[in-house]
Visitor: 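Take this structure first; my questions come after.
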Amino acid sequence: MAYRYRRVEQLEHNPMKVQILSKKFVKPLIPTPPNLRNYKISFADEVAPTQNVPVVLYYPAANGNTATASLVSESNQLEKSLEHILTRFYPLAGRYIKQSRVIDCNDQGVEYVVSKVNVQLHDLLGQGVEAEELNQLISCELGAADEVSDPLLAIQVNIFECGGLVVSGCFSHRIADGSTMASFFCGWATVNQAKSTDGICPSFDAASFFPGRGLDKIPMNLPRSMKDADFKSATKMFAFNKKAISTLRAMCHGPRVSSLQLVNAILWKALIGVDRAKHGRSRASFLIQPVNLRGKTNPPLPQHTFGNLWGLATTQVKTGDHMAFQDFVDLLGSSVRKYVKGCENVLSNGEDGYKIVIDPYMEFKKTVSNSQVHFCLFSSWCRFPFYEADFGLGKPIWASVVNMPYKNFVILMDDKKGEGIEAWVHLDAADMPIFEQDGDIIAFATSTKESLQMIDDAFMSKAMAWKLSPTQLNYTKKPKKIVLHHCEREAAAAKRLPIATDPVQTLLRAATLAEGPAASEGAIEIDGDGAFAGGAGGDGGESPLDGAGAEAGGGITTGAGV
């Protein structure tokens, strides 16, 4: 323990700095054919807010490996496998044309950045990281989206002093929700390991299910640059562990609800308290929860359907006065169950079915612009398998978001064990101290620092084991070659760029590597639908990926990753 605190003290005098080593655009290995050039977006894509959605995955050094050349070689291999997976997720390499509301799949590429970080990964975790610091680990401005010059995906690979890697992705919300993000990362990780002939083959039929209607986007008013935000935002993570959730469940009676709705009830109740403290009275409060439509319609949408496929469950209270925790649980459980039941008819009732999805958007737009209403948005990423994204480095020890300049916005994620929920609360900076002093938050939530120190303790145990028995990885073996095809066609042949003999120089120079020999003998063709680990089981309710059933007693877990 003393060692950790010495390292924290060092970090306080040596703030985290990120040095960019290289920046380039990575294109699909196989050019997108002309018949797939114009990808039409659905009306659910149309209404998505103009923003990039970030996710950050943290990987400790494999077997204590800290050799710079090996780590840079690993980042090169990630780049090569990115070329392969983009052949399947080809719209991500295109650009959005907002006048015609299509993705021009011109293979302009995704942004790929490699950086060097001047601290060790356990320093970052051990100190209870501030969300604002995490923004250095992503390569995009969150509001820089929807212009023809904006990439639809930006990847950043961050190399820490200890040999740990942090891989982040920023996805344009115009064509991706949390499920699509998770599908991409798990597919990319599988390709990078080249360990399976099963792969994720996304479906691009969203616009045929939900044809574009020229709808306006949700007005979240995120500036293109964080510097231009008209208020100071604050983001903190509050963890609700297994014990806290069990205690909350024991406080309830009536129909069983998911762990997610128990946590949402505590958070909403606390945020209403903050609003009351600010205005000196209770106001009407309006809560939006995106609900993943995959697996909830009849007929069901394919599990790996690409794009935004979520509706909005809305819950309202005229005043939060005299409302107990049980009241919030009942309201949230009822509204989500009702909305999920209605989703069965989205594809089978024609225009009336579409209204099930569209009408809540219209209500959302009207409410968010009403300054007399307290408005909250809770987006669940629970059960999205980000912790299954193993690139060959082991599974991530943590997954996070970053600071986003929003008010009363919460992103909820599974913890590492899948037993608890981590709530990333985004508020006006002046509201955060009031929220932190709420009695229920104090009683049931663990602070960011305490939660991350538990992750750091596990990380340090591994590090000590590696120190006693050091094993350096041998990266001299040649990576397996992979041929990855468009799901819509057969590719004639694929060529793979070789990894340079001096990976450091490769990173520092901008020239494009010469093409290698065609991949043929020994290549692995990834050609299946694939499946995610971490589906429905457990207390968290139904999987947001496939919607295959609810937890015992009728609990429903939302989760669209808006």
Visitor: Below 6.0 angstrom between ring centroids: does that apply to Phe184 and Phe171?
Guide: yes

Visitor: Salt bridge or not between Asp150 and Arg224? Use side-chain N to carboxylate O under 4.0 Å.
Guide: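 Result for this pair is yes, salt bridge flagged.
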
Visitor: Restricting to non-hydrogen atoms, name the atom on Met16 and the atom on Val119 that form the minimum distance, rounded to 0.1 Å.
Guide: CG-CG2, 4.0 Å

Visitor: Any idea how Trp398 and Trp424 line up, ring-wise: parallel (<30°), tilted (30 to 60°), or perpendicular (>60°)?
Guide: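 The arrangement is tilted - the two ring planes meet at 30° to 60°.
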
Visitor: Say whether, by atom type as modelled, one donor and one acceptor occur between the side chain of Asn408 and the main chain of Leu427 under 3.5 angstrom.
Guide: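 Checked: no pair found.
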
Visitor: For a side-chain hydrogen bond (donor to acceptor under 3.5 Å, both in side chains) check, start with the C-alpha distance between Ser149 and Arg95, then their side-chain angles and the critical distance, and finish with the verdict.
Guide: CA-CA 7 Å; Ser149 59; Arg95 295 295 182 269; over 6 Å; no

Visitor: Only one of Val373, Val317, Asp275, Ile272 forms a side-chain contact (heavy atoms from CB on, under 4.5 Å) with Arg283, so which one is it?
Guide: Asp275

Visitor: After noting the C-alpha distance and the side-chain angles of Val257 and Leu262, does the key distance pass the side-chain contact (heavy atoms from CB on, under 4.5 Å) rule?
Guide: CA-CA 7 Å; Val257 299; Leu262 294 172; 3.8 Å; yes

Visitor: Distance check, rounded to the nearest 0.5 Å: His173 atom NE2 versus Leu142 atom CG?
Guide: 12.0 Å

Visitor: Give the minimum heavy-atom separation between Ser168 and Val56, together with the two atoms involved.
Guide: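 Minimum heavy-atom contact is CB-CG2, 4.1 Å.
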
Visitor: Compare all side-chain heavy atoms of Asp415 with those of Ile421 and state whether any distance is below 4.5 angstrom.
Guide: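 No. Closest side-chain heavy atoms not under 4.5 Å.
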
Visitor: When rounded to the nearest 0.5 angstrom, what distance separates CG in Leu124 from OH in Tyr58?
Guide: 6.5 Å

Visitor: Will you find, in the side chains of Gln51 and Tyr406, an N or O donor that is under 3.5 Å from an N or O acceptor?
Guide: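 Short answer, yes.
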
Visitor: Could you tell me which residues satisfy side-chain hydrogen bond (donor to acceptor under 3.5 Å, both in side chains) with Lys269, sequence neighbours excluded, listed by chain and number?
Guide: Asp440

Visitor: Taking all atoms of both residues into account, what is the closest heavy-atom pair of Gly169 and Ile155, and its distance?
Guide: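 Answer, listing the atom of Gly169 first, then Ile155: CA-CD1, 4.0 Å.
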
Visitor: Of all the heavy-atom pairs spanning Cys186 and Pro385, show the shortest one and how long it is.
Guide: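 It is SG-O, 3.4 Å.
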
Visitor: Examine distances only and state if a side-chain atom of Asn158 and a backbone atom of Leu165 form a donor-acceptor pair shorter than 3.5 Å.
Guide: no

Visitor: Out of curiosity, Lys232 NZ to Asp428 CG, how far, rounded to the nearest 0.5 Å?
Guide: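 So the gap between those two atoms works out to 10.0 Å.
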
Visitor: Is Asp45 salt-bridged to Arg174, going by a charged N under 4.0 Å from an acidic O?
Guide: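 No, no charged N to carboxylate O under 4.0 Å.
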
Visitor: Are the side chains of Ile245 and Lys242 in contact, using a 4.5 Å heavy-atom criterion?
Guide: no

Visitor: Between Ser81 (side chain only) and Val191 (backbone N and O only), is there a donor and an acceptor less than 3.5 Å apart?
Guide: no

Visitor: Do the side-chain N and O atoms of Ser172 and Asn52 include a donor-acceptor pair separated by under 3.5 angstrom?
Guide: no

Visitor: Would you check, one step at a time, whether the test side-chain contact (heavy atoms from CB on, under 4.5 Å) holds for Met323 with Leu331?
Guide: CA-CA 11 Å; Met323 287 188 63; Leu331 274 173; 3.5 Å; yes

Visitor: Using side-chain heavy atoms (C-beta onward) and a distance below 4.5 Å, is Phe160 in contact with Asn118?
Guide: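 No - every pair of side-chain heavy atoms lies 4.5 Å or more apart.
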
Visitor: Less than 4.5 Å apart, any side-chain heavy atom of Phe238 and any of Glu436?
Guide: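 Touching, per the 4.5 Å side-chain cut-off.
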
Visitor: Find the distance between CG (Leu137) and CG (Leu57) and round it off to the nearest 0.5 Å.
Guide: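 If I round to the nearest 0.5 Å, the distance is 11.5 Å.
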
Visitor: Hey, is the main chain of Ala324 close enough, under 3.5 Å, to the side chain of Asp327 for a donor-acceptor pair?
Guide: yes

Visitor: Does Lys236 come within less than 4.0 Å of Glu130, counting only side-chain N to carboxylate O?
Guide: no

Visitor: Pick one: which of Trp310, Phe375, Phe286 meets ring pair (Phe, Tyr, Trp, His ring centres under 6.0 Å) with Phe364?
Guide: Phe375

Visitor: Restricting to non-hydrogen atoms, name the atom on Ser183 and the atom on Ile200 that form the minimum distance, rounded to 0.1 Å.
Guide: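 That would be O-CD1, 3.4 Å.
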
Visitor: Between Trp268 and Val329 (side chain of the first, backbone of the second, donor and acceptor by atom type, cut-off under 3.5 Å), is there such a pair?
Guide: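 Looks like no, no N/O pair under 3.5 Å.
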
Visitor: How close do Asn308 and Ala176 get, counting heavy atoms only, and between which atoms?
Guide: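 Nearest heavy atoms, Asn308 then Ala176: OD1-O, 3.3 Å.
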
Visitor: Would you compute the distance between atom OG of Ser233 and atom CD of Glu132 and round it to the nearest 0.5 angstrom?
Guide: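 Here the interatomic distance stands at 6.5 Å.
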
Visitor: How are the rings of Phe386 and Phe384 set relative to one another: parallel (under 30°), tilted (30 to 60°) or perpendicular (over 60°)?
Guide: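 Because their plane-to-plane angle is over 60°, the rings of Phe386 and Phe384 count as perpendicular.
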
Visitor: Got a donor-acceptor contact below 3.5 angstrom from the His122 side chain to the Leu125 backbone?
Guide: no

Visitor: Check Lys116 with Glu161, please: is the shortest side-chain N to carboxylate O separation under 4.0 Å?
Guide: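 A salt bridge is absent here (no side-chain N lies under 4.0 Å from a carboxylate O).
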
Visitor: Do Tyr96 and Val148 come within less than 4.5 Å of each other through their side chains, counting heavy atoms only?
Guide: no

Visitor: Please test His279 against His374 for side-chain contact (heavy atoms from CB on, under 4.5 Å), starting from the C-alpha separation and ending with a verdict.
Guide: CA-CA 10 Å; His279 293 88; His374 175 241; over 6 Å; no

Visitor: Quick one: does Phe409's side chain get under 4.5 Å of Met404's, heavy atoms only?
Guide: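 With C-beta onward as the side chain, the pair touches.
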
Visitor: When rounded to the nearest 0.5 angstrom, what distance separates CG in Asp414 from CD in Glu422?
Guide: 8.5 Å

Visitor: Let's go through Met413 and Val401 carefully: what are the C-alpha distance in whole Å and the side-chain angles of both, what is the deciding distance for side-chain contact (heavy atoms from CB on, under 4.5 Å) to 0.1 Å, and is it a yes or a no?
Guide: CA-CA 9 Å; Met413 304 177 72; Val401 292; 4.2 Å; yes

Visitor: Should Leu412 and Leu267 count as side-chain neighbours, where that means a heavy-atom distance under 4.5 Å?
Guide: yes

Visitor: For the side chain of Gln316 and the backbone of Leu287, is there at least one donor-acceptor N/O pair under 3.5 Å apart?
Guide: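 Side chain of Gln316 to backbone of Leu287: no pair is present.
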
Visitor: Evaluate Asn76 against Glu74 for side-chain hydrogen bond (donor to acceptor under 3.5 Å, both in side chains), listing each step before the verdict.
Guide: CA-CA 5 Å; Asn76 281 341; Glu74 181 64 43; over 6 Å; no

Visitor: For residues Glu133 and Asn135, is any side-chain donor paired with an opposing acceptor at under 3.5 Å?
Guide: no

Visitor: Is there side-chain contact between Leu153 and Glu111, with at least one heavy-atom pair below 4.5 Å?
Guide: no

Visitor: Check whether the side chains of Asn370 and Thr367 place a donor and an acceptor atom closer than 3.5 Å, and report yes or no.
Guide: no

